[in-house]
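Here the structure is laid out as structure tokens; the discussion comes afterwards.
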Amino acid sequence: MAEEVWVGTWRPHRPRGPIMALYSSPGPKYLIPPTTGFVKHTPTKLRAPAYSFRGAPMLLAENCSPGPRYSVNPKILRTGKDLGPAYSILGRYCTKTIMTPGPGDYFPEKSAKHVFDSAPSHSISARTKTFRVDSTPGPAAYMLPVVMGPHTVGKASQPSFSIKGRSKLGSFSDDLHKTPGPAAYRQTDVQVTKFKAPQYTMAARVEPPGDKTLKPGPGAHSPEKVTVTKPCAPIVTFGIKHSDYMMPLVVDVE
């Protein structure tokens with residue numbers, strides 16, 4: 001009775017290889033980018049910040065720090081070398097100077113003005129050699145500005161008036177025959193102050209544009225040389241004046 005359920009020779013059996021229908025996921029057939037992680041993340045989805053955990057770093061064969069194997073001088077601080085008063089017993093230095101200055105060569109009293117504040121002091125000395133031949137101006141060489149009149153410098157001046165001579169222009173001594181006549185004045189153009197009227201000018205005749213090169217005339221052509229491209233030259237004949245197939249004009253004469 002069980003064999004009648006199946007039609008044909010096919011019977012259920014174990015598949016020989018993996019079948020994609022047996023898996024719910026697409027499997028390795030489709031290369032879809034993942035949506036998790038940081039590497040090869042799909043560009044169509046937002047990628048959240050990713051953090052990674054690393055292991056402890058490898059121990060170096062030689063340490064970078066100097067360590068306790070270096071003997072640091074205890075007098076060297078972070079600001080430099082700490083130098084305190086130190087004395088040593090050495091031999092006498094060999095100096096090249098033979099004559100050394102004595103106590104009388106020093107003037108400690110002159111150092112007061114360089115150490116302490118002092119008021120300005122002036123001294124009267126003799127004339128130097130450079131000023132003996134120098135010609136400096138004296139008191140009479142300077143001219144002070146005036147303090148009266150309209151030309152005062154650095155002061156406010158009051159109104160000033162001056163009396164001049166009589167002018168010859170417009171006076172009784174004026175020569176009237178030297179005045180300009182009516183022809184000496186140029187008449188102002190009316191178009192300067194009023195609307196300008198249309199103006200026309202007569203210019204020369206304008207030649208029409210065209211080709212001004214020399215053209216060949218009738219004598220420059222040789223129609224008899226047409227046999228270069230055709231079998232013969234054109235031939236003209238005299239035929240009848242009227243066609244035989246045209247009806248003549250008949251005029252009724254009574």
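For the salt bridge (Lys or Arg N to Asp or Glu O under 4.0 Å) test, residues two or more places apart in sequence or in another chain that qualify with D211 are K215. Legend: residues meeting side chain to side chain contact (heavy atoms under 4.5 Å, CB included) with P103, ordered by chain and number and at least two apart, are absent. Residues that satisfy the side chain to side chain contact (heavy atoms under 4.5 Å, CB included) test with T193, not counting sequence neighbours, are absent from this structure. Scored by the side-chain hydrogen bond (donor to acceptor under 3.5 Å, both in side chains) test, T44 finds T42 as partners (sequence neighbours excluded). Take K155 and apply the side chain to side chain contact (heavy atoms under 4.5 Å, CB included) test, not counting sequence neighbours, and it matches V147, T152. Listed by chain and residue number, nothing satisfies the side chain to side chain contact (heavy atoms under 4.5 Å, CB included) test with L46 (two or more places apart in sequence, or in another chain).
The two residues P34 and K40 come nearest to each other via the heavy atoms CD-O, 3.0 Å.
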Please tabulate, one pair per line, all N/O donor-acceptor pairs under 3.5 Å involving side-chain atoms of residues 198-209, not counting sequence neighbours.
{"unit_1": "Q199", "atom_1": "NE2", "unit_2": "Q191", "atom_2": "OE1", "d": "3.2"}
{"unit_1": "E207", "atom_1": "OE1", "unit_2": "K212", "atom_2": "NZ", "d": "3.1"}

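Remark: the backbone N or O of T35 is paired with a side-chain donor or acceptor of H41 at under 3.5 angstrom.
Going from atom NZ of K194 over to atom CG of D189 covers 12.0 Å, rounded to the nearest 0.5 Å.
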